[in-house]
Amino acid sequence: MLTITQALYDAIVAHARADHPDEACGVVAGPAGSGRAERFIPMLNAARSPTFYEFDSADLLKLYREMDDRDEEPVVIYHSHTATEAYPSRTDISYANEPGAHYVLVSTAECGNDEGPVSFRSFRIVDGAVTEEPVEIVATYPA
């Protein structure tokens, strides 16, 4: 199960709406080994596409060095789908190379840039196998 704070949920959804009609993408890092999503890191979709996302390779290298320096790991890797459901595409599955991460998809197909309903779903993707998991949104993490 993915447990995420309301503030992080809101930040991911806001990023998805802001970048619509292009797909938004980013990472939520957390202390290595904790499984706790803490630091929101919106990334630029280098593809600038409504049907595909791609992290800029230089930005991604910088991010991984920064996470390494801070003893963090990617807990959540997120992106949006702008015209389809919040479910990993074949391309998404082929690019999923962090077996410990939660892959969050937000569909803005219904609302676009506006306030309105979004679909927010989390998946584990390991060796091409996709498993949906429940999402629990909390005000704050327990101490």
Side-chain angles (χ1 to χ4, degrees), residues 1-82 84-109 111-115 117-143:
M1 173 168 57
L2 170 62
T3 301
I4 192 167
T5 64
Q6 184 69 54
L8 286 170
Y9 171 92
D10 291 345
I12 291 169
V13 170
H15 185 203
R17 284 188 174 128
D19 280 13
H20 187 95
D22 290 340
E23 291 191 2
C25 57
V27 173
V28 183
S34 73
R36 193 155 144 162
E38 293 183 352
R39 190 166 64 94
F40 176 67
I41 307 152
M43 303 284 284
L44 174 69
N45 179 354
R48 296 186 190 259
S49 167
T51 58
F52 180 73
Y53 83 97
E54 181 177 33
F55 292 116
D56 177 90
S57 57
D59 289 348
L60 198 57
L61 180 60
K62 180 182 171 203
L63 171 63
Y64 271 82
R65 285 182 174 156
E66 186 180 279
M67 286 190 300
D68 192 48
D69 289 346
R70 297 170 63 124
D71 198 24
E72 292 176 329
E73 64 188 1
V75 176
V76 171
I77 299 171
Y78 73 88
H79 77 280
S80 62
H81 282 181
T82 61
T84 58
E85 70 173 319
Y87 191 84
S89 68
R90 285 190 303 275
T91 304
D92 297 339
I93 295 165
S94 71
Y95 283 128
N97 60 1
E98 288 287 350
H102 302 271
Y103 285 87
V104 166
L105 279 117
V106 177
S107 175
T108 55
C111 69
N113 300 104
D114 300 324
E115 291 297 317
V118 297
S119 175
F120 187 104
R121 298 168 71 185
S122 183
F123 304 88
R124 294 293 190 148
I125 304 174
V126 181
D127 296 328
V130 177
T131 307
E132 186 166 5
E133 62 183 350
V135 177
E136 179 184 20
I137 300 168
V138 297
T140 59
Y141 293 121

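Just so it is clear, the model here is predicted, and its values are computed rather than measured.
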Can you find a pair of side-chain heavy atoms, one from I41 and one from L63, that are under 4.5 Å apart?
yes

Taking the six-membered ring for Trp, are Y87 and H81 ring centroids under 6.0 Å apart?
no

Contact summary for I77 and A101, nearest pair of heavy atoms
CD1-CB, 4.0 Å

Taking C-beta and beyond as the side chain, do V135 and F120 meet within less than 4.5 Å on heavy atoms?
yes

Report yes or no: do Y78 and H15 form a side-chain donor-acceptor pair below 3.5 Å?
yes

Between the side chains of T82 and H20, does any donor sit under 3.5 Å from an acceptor?
no

Is there a side-chain contact between I4 and E136, using heavy atoms and a 4.5 Å cut-off?
no

Student check: side-chain heavy atoms of L105 and H79 closer than 4.5 Å
yes

NZ/NE/NH1/NH2 to OD/OE distance under 4.0 Å, R39 and E66
yes

Can you tell if the side chain of D59 reaches within under 4.5 Å of the side chain of F55, non-hydrogen atoms only?
no

Any carboxylate oxygen within less than 4.0 angstrom of a Lys/Arg side-chain nitrogen, looking at E132 and R124?
no

Would you indicate whether the side-chain heavy atoms of E23 and S49 approach each other to under 4.5 Å?
no

Any chance you could lay out the salt bridge (charged side-chain N to carboxylate O under 4.0 Å, His left out) test for R121 and E133, step after step, and finish with the verdict?
CA-CA 8 Å; R121 298 168 71 185; E133 62 183 350; over 6 Å; no

